[in-house]
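Take a look at the structure set out below.
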Amino acid sequence: MNQEKNDDLRKVAPYLSSLEKKNSFQAPEGYFEQLPSAIQNKIGEAPAENKHKVFSLHYMKYAGAAVVLLIAGIYFYPKKTQQPINTFTAWNVDALTDDEVLDELNDYPIENETAIVVKNDDSDIINYLIDNKIDITEINKI
Amino acid sequence: MEHQADNELLELFRNGNSHHAFNLIVKKYQQRVYSHVRHMVIDHDDANDLTQNTFIKVWNNLSTFREDAQLFTWIYRIATNECLNFLKNKRKRFFLPVADVESELAEKLTQEPSLKGDAIEMKLQKAILLLPEKQRLVFNMRYYNEMKYEDMSEVLGTSVGALKASYHHAVQKIENYLTSD
C-alpha cells in the first residue's frame with residue numbers, strides 16, 4: 001500500500017516525493033517520559049467535568065434574551081381601557097338623577113342575586129324553620 | 001515498545017484499574033497525538049498544552065466511549081478539535097485575519113532549531129502553512145501520519161472522496177510552491 005501511495009505522490013508531485021520525509025518538530029529531550037505523569041497529576045487535581053452547569057454563560061445569554069423580550073412584551077402590550085362596565089357604583093350614585101338610577105337598576109343583572117331564593121321550594125323553607133326552631137305562629141303575627 | 005491492543009486497554013479501564021489503563025493509553029498514543037497537534041500549531045508549548053488537554057478530555061469521556069468507533073480515531077478527533085478551537089480562539093482573541101495567524105505560525109517556524117540551516121525543509125513547512133486550515137489537516141494526516149483515508153474520514157467526518165480530492169489539491173499547491181523560484 002505504501003508503494004502505491006508513493007507512486008501516486010510521484011505522479012502528482014515529483015519534487016515533493018523526492019524529498020526525504022523528516023520529523024521537523026521534535027519534542028524536547030525526555031518529554032514523552034514525563035508527559036504521562038504530568039497528565040495523571042492534572043486529572044488527579046481537576047474536578048470532574050460538570051456537563052450541566054446551571055449558570056453557564058451559554059444558557060445565561062438565552063435567559064437574558066428571554067427576560068428582555070418578556071419585559072418588552074409587557075411594556076408594549078396594548079392596554080385595555082379601564083372604563084368601568086357599570087357606572088352605577090357607590091361613589092357616584094349621589095350624582096345621578098332618579099331617572100338615571102332607575103335606568104341603571106334596569107340594566108343591572110339582579111337576577112343572579114334572586115335566583116337562589118326563587119329556587120327554594122316549600123320543603124326547604126319548612127326544613128329551615130324546623131332546624132332553627134322557629135314557631136310558625138310567631139311569623140304569622142308579623 | 002510493545003503496546004496492548006485497544007480492546008484490552010478498554011477492558012482494563014472498565015473492569016480493573018482505570019488510572020493504570022488510562023496511563024497505558026497515554027503512553028501508546030502520546031507521540032502520535034503530539035506530532036499531529038504540533039504540525040498544526042507549530043509551537044511546542046502550545047502543542048504540549050493541547051496534547052494534555054486532549055488526554056484530559058479522553059479521561060473525562062472514556063467511560064462513555066462506545067466501541068462503534070476506533071479508540072485511535074476517537075482520540076485523534078478530540079485532538080483535532082482542540083487544534084481547530086485553539087486556532088479559532090487565537091483569531092478571535094487578537095481580532096486577527098486568517099493570514100496573520102498563519103504568518104505568526106510562520107514566524108515560529110524560523111525559531112525552530114531543527115529547521116535552521118535546512119532551507120528546503122523550511123520552504124516545505126512554509127508551503128504547508130499557506131494551505132487552507134482543513135486542507136493542511138488533511139495533508140498532515142496523510143503525508144506525515146500516513147493515515148488511511150477511511151480513518152481520516154472517521155476523524156474529520158468527511159467522505160473519502162472529498163478527502164482524496166483535498167489531499168490531491170494540497171499536494172499540487174505544495175509542489176507548485178516548492179518548484180517556484
Side-chain angles (χ1 to χ4, degrees), chain A residues 1-69 72, chain B residues 19-20 22-28 30-31 33-35 37-45 47-48 51-61 64 109 112-115 118 120-125 127-128 142-144 146 148 164 167-179:
Chain A
M1 196 190 116
N2 272 349
Q3 184 59 42
E4 193 185 327
K5 206 191 292 177
N6 290 339
D7 288 346
D8 284 349
L9 189 63
R10 204 171 296 134
K11 273 185 221 162
V12 183
Y15 183 74
L16 177 64
S17 67
S18 72
L19 298 179
E20 186 195 347
K21 212 182 278 185
K22 292 178 185 168
N23 183 4
S24 305
F25 302 112
Q26 296 281 354
E29 190 81 21
Y31 173 70
F32 293 113
E33 279 74 53
Q34 59 80 35
L35 183 61
S37 54
I39 293 169
Q40 286 285 355
N41 288 341
K42 278 200 174 175
I43 61 169
E45 69 196 33
E49 209 170 70
N50 185 2
K51 289 178 182 171
H52 303 288
K53 288 174 190 165
V54 177
F55 295 110
S56 76
L57 191 62
H58 179 71
Y59 293 111
M60 287 300 280
K61 65 186 177 190
Y62 291 115
V67 168
V68 169
L69 283 174
Chain B
H19 275 271
H20 176 60
F22 175 69
N23 206 32
L24 294 175
I25 290 171
V26 172
K27 283 180 178 167
K28 184 175 179 180
Q30 59 178 351
Q31 296 199 24
V33 168
Y34 173 84
S35 169
V37 171
R38 182 79 192 271
H39 274 100
M40 287 305 291
V41 300
I42 310 297
D43 182 69
H44 165 73
D45 290 334
N48 176 36
T51 303
Q52 292 198 24
N53 289 348
T54 298
F55 282 110
I56 288 167
K57 286 193 173 164
V58 169
W59 167 257
N60 284 336
N61 295 287
T64 59
L109 281 179
E112 189 57 42
S114 61
L115 291 172
D118 191 341
I120 296 170
E121 189 61 24
M122 178 67 90
K123 197 171 183 183
L124 171 61
Q125 294 305 326
I128 296 168
R142 182 71 176 164
Y143 185 78
Y144 287 110
E146 301 190 337
K148 294 178 194 163
K164 282 183 179 176
Y167 181 67
H168 184 83
H169 284 131
V171 164
Q172 276 188 327
K173 283 181 194 171
I174 290 168
E175 180 76 359
N176 290 340
Y177 185 86
L178 292 176
T179 52

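The analysis underlying the following values was restricted to heavy atoms, covering all of them including side chains, and did not include hydrogens, waters or symmetry mates. Protein chains get the first letters and strands the later ones, always in sequence-line order, with residue 1 at the start of each.
The only option from B:N53, B:V58, B:V26 that meets the side chain to side chain contact (heavy atoms under 4.5 Å, CB included) definition with A:I39 turns out to be B:V26. Put simply, the residue from B:I174, B:L124, B:I120, B:N176 that forms a side chain to side chain contact (heavy atoms under 4.5 Å, CB included) with A:Y15 is B:I120.
Residues satisfying the salt bridge (Lys or Arg N to Asp or Glu O under 4.0 Å) criterion with B:K28, sequence neighbours excluded, are B:D6. B:E121 is linked by a salt bridge (Lys or Arg N to Asp or Glu O under 4.0 Å) to nothing, counting only residues two or more places apart in sequence or in another chain.
Distance check: B:H39 NE2 to A:S24 OG gives 6.0 Å after rounding to the nearest 0.5 Å. Here the NZ-CD1 distance, from B:K57 to A:I43, works out to 15.0 Å after rounding to the nearest 0.5 Å. Taking CD of A:E33 as the reference point, atom CD of B:Q30 lies at 8.0 Å (rounded to 0.5 Å).
Classified by interplanar angle (parallel below 30°, tilted 30° to 60°, perpendicular above 60°), the ring pair A:Y31/B:Y34 is tilted.
Nearest heavy-atom pair across A:Q26 and B:R38 is O-NH1, 3.1 Å. Smallest separation of non-hydrogen atoms from B:K27 and A:P36: CG-CG, 3.9 Å.
Of the listed residues (B:F55, B:Y143, B:Y144), the one with the most heavy-atom contacts under 4.5 Å to chain A is B:Y143.
Side chains of B:T179 and A:L16 form no contact here, defined as non-hydrogen atoms less than 4.5 Å apart.
Counting heavy-atom neighbours within 6.0 Å of B:K173 NZ, excluding the residue itself, gives a total above 12. In the displayed structure, A:E29 atom CD is contacted under 6.0 Å by at most 12 heavy atoms of other residues, nucleotides or ligands.
In this structure a side-chain-to-backbone donor-acceptor pair under 3.5 Å is missing from B:Q172 to A:V12. Side-chain atoms of B:E112 do not come within 3.5 Å of backbone N or O of A:F25 as any donor-acceptor pair.
With a 4.5 Å cut-off on non-hydrogen atoms, B:L109 touches chain A through its side chain but not through its backbone.
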